[in-house]
> 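Quick one: the structure is below, and I'll ask about it shortly.
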Amino acid sequence: LADEIAKMPGEAVDTSIDPKTYQEFVGLYDYQGSVMQITVEDDKLFAQLTDQPKREIFPKGKDHFFWKAVAAQAEFQ
């Protein structure tokens, strides 16, 4: 099934989201016993959990983001 799964479309990036709004999400968040640090670099949003690599996250809506590297999503409230 790996070949079939690889052909499936991934999450769609919402290109209508202005990267200038990413600054409002920057900070440290308590995340299920770990800390998630959100940063902005070159108009891209990144998330890093304690002891994990920093990864770019992508908008799927105004406050909804997803990772392409792992199957995960985040909603900022």
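The figures here come from the full heavy-atom set of this structure, side chains too, leaving out hydrogens, waters and symmetry mates.
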> Taking the side chain as every heavy atom from C-beta outward, state whether Lys62 and Thr21 have any atom pair closer than 4.5 Å.
no
> Same cluster for Val70 and Val13 if Ile/Leu/Val/Met/Phe/Trp/Tyr side chains link at under 4.5 Å?
no
> If you apply the rule side chain to side chain contact (heavy atoms under 4.5 Å, CB included), what do you find for Asp63 with Phe25, and how did you get there?
CA-CA 9 Å; Asp63 299 322; Phe25 304 118; 3.7 Å; yes
> Looking only at non-hydrogen atoms, find the nearest pair between Asp14 and Gly61 and report the distance.
OD2-CA, 3.8 Å
> Would you please name every residue forming a ring-ring contact (aromatic ring centres under 6.0 Å, His included) with Tyr29, sequence neighbours left out?
Phe76
> Could you name each residue pair satisfying salt bridge (charged side-chain N to carboxylate O under 4.0 Å, His left out) that touches residues 25-51, not counting sequence neighbours?
Glu41-Lys54
> Measure the CD1-CG distance between Ile38 and Leu28 for me, rounded to the nearest 0.5 Å.
9.0 Å
> Could you measure the distance from the CD atom of Gln48 to the CD atom of Glu56? Nearest 0.5 Å is fine.
14.0 Å
> Hey, quick one: are Leu49 and Trp67 part of the same hydrophobic cluster, counting side-chain heavy atoms closer than 4.5 Å, chains of contacts allowed?
yes
> Starting from Phe66, can I reach Phe46 by hopping between I/L/V/M/F/W/Y residues whose side chains sit under 4.5 Å apart?
no
> Just how far is it from atom NZ of Lys60 to atom CD of Glu75, taken to the nearest 0.5 Å?
10.0 Å
> For a quick test of reading the model, state the closest non-hydrogen atom pair linking Ala47 to Met36 and the distance between them.
CB-SD, 4.0 Å
